[in-house]
Amino acid sequence: MRIYRTKNYDEMSRKAADLIAAQVVMKPDSVLGLATGSTPLGAYRLLIERYEKGELDFSEICSVNLDEYVGLSADDEQSYAYFMHSNFFDHINIRPENTHIPNGLEEDTALECHRYNRVIGALGGIDLQILGIGSNGHIGFNEPGDAFVPDTHCVELAGSTIQANARFFSSPDEVPTAAYTMGIRSILQAKSIVLMASGKAKAEALYRALHGPVTPALPASILQLHSHVFVVADEEAMSERFNPF
Ligand code: F6R
């Protein structure tokens, strides 16, 4: 595990963008595992800028997103598919057919989970996985629980996750209560992982993820078992009794 402590969100974004850009340059046909949410937005903006300057080419890149709300269509502004298109895909030369996101409209959850596992398998797994972290320690939408769930599954969102994500909706009642998420095994099988965190609200979860016991009660703690994790976090996210190695 390598830890980059940055001054603030902008520096965190620059460091994460550097790592992602290096992956794209070194392996132009990489499979990128992508996250949504506030945390990676700055990094996506910087990658778009580098693409516009001609420094990056995404034409052979494939992507698999971590998760999607159940019940939202790809053109719903609150869906993660919409987020990825408006904040990243539509501004770079990734081929739409090379981007993969769970289908929030599929009502047959077993069918959709099976389909998404096959998509990940057919791509040969993930080269670089980008992760944010929930303030309850979730990664993707693998919420705290009694066991790590290995593969894509449909999950009831934790109350704290619904509250945290309500900022994107006009009221908490509109936040979907379920989501499809990639499982822990798919995440852990990525060749390398960039875990990003910013802000005080993430400090306790990040501390426990890095220094606490490996437990499904704090899903991000599983990352301690992966040998190629880059943690890129700002001072506030690292402020919890943090003792840099
Ligand atoms: C999003 C995802 C989530 C977020 C996490 C942090 O695709 O998988 O695990 O990374 O909820 O969200 P933000 O970045 O909005 O604080």
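For ligands, and for the atoms within them, numbers begin at 1 and follow the listed sequence.
Side-chain N or O atoms of Asp151 include none that pairs as donor or acceptor with a backbone N or O of Gly183 at under 3.5 Å.
Checked for salt-bridge contact, Arg50 and Asp18 meet the test: a charged N lies under 4.0 Å from a carboxylate O. In this structure, Glu112 pairs ionically with Arg115, as a charged nitrogen and a carboxylate oxygen lie closer than 4.0 Å.
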Report, one line per pair, each donor and acceptor closer than 3.5 Å where one atom sits in a side chain of residues 56-63; sequence neighbours left out.
{"unit_1": "Asp57", "atom_1": "OD1", "unit_2": "Ser59", "atom_2": "N", "d": "2.9"}
{"unit_1": "Asp57", "atom_1": "OD1", "unit_2": "Ser59", "atom_2": "OG", "d": "2.9"}
{"unit_1": "Asp57", "atom_1": "OD1", "unit_2": "Asn93", "atom_2": "ND2", "d": "2.7"}
{"unit_1": "Asp57", "atom_1": "OD2", "unit_2": "Ser59", "atom_2": "OG", "d": "3.1"}
{"unit_1": "Glu60", "atom_1": "OE2", "unit_2": "Arg95", "atom_2": "NH2", "d": "3.3"}

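Asn165 CG to Glu174 CD: the interatomic distance, rounded to the nearest 0.5 Å, is 13.5 Å. A distance of 7.5 Å separates CD of Glu235 from OG1 of Thr6, quoted to the nearest 0.5 Å.
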N/O to N/O under 3.5 Å, ligand 1 against protein:
{"unit_1": "ligand 1", "atom_1": "7 (O)", "unit_2": "Thr36", "atom_2": "N", "d": "2.9"}
{"unit_1": "ligand 1", "atom_1": "7 (O)", "unit_2": "Thr36", "atom_2": "OG1", "d": "2.8"}
{"unit_1": "ligand 1", "atom_1": "7 (O)", "unit_2": "Asp67", "atom_2": "OD1", "d": "2.7"}
{"unit_1": "ligand 1", "atom_1": "7 (O)", "unit_2": "Asp67", "atom_2": "OD2", "d": "3.4"}
{"unit_1": "ligand 1", "atom_1": "8 (O)", "unit_2": "Asp67", "atom_2": "OD2", "d": "2.7"}
{"unit_1": "ligand 1", "atom_1": "9 (O)", "unit_2": "His138", "atom_2": "NE2", "d": "3.4"}
{"unit_1": "ligand 1", "atom_1": "9 (O)", "unit_2": "Gly140", "atom_2": "N", "d": "3.4"}
{"unit_1": "ligand 1", "atom_1": "9 (O)", "unit_2": "Gly140", "atom_2": "O", "d": "2.7"}
{"unit_1": "ligand 1", "atom_1": "11 (O)", "unit_2": "His138", "atom_2": "NE2", "d": "2.6"}
{"unit_1": "ligand 1", "atom_1": "14 (O)", "unit_2": "Ser38", "atom_2": "N", "d": "3.2"}
{"unit_1": "ligand 1", "atom_1": "14 (O)", "unit_2": "Thr39", "atom_2": "N", "d": "2.9"}
{"unit_1": "ligand 1", "atom_1": "14 (O)", "unit_2": "Thr39", "atom_2": "OG1", "d": "2.4"}
{"unit_1": "ligand 1", "atom_1": "15 (O)", "unit_2": "Ser38", "atom_2": "N", "d": "2.9"}
{"unit_1": "ligand 1", "atom_1": "15 (O)", "unit_2": "Arg167", "atom_2": "NH2", "d": "2.8"}
{"unit_1": "ligand 1", "atom_1": "16 (O)", "unit_2": "Lys202", "atom_2": "NZ", "d": "2.6"}

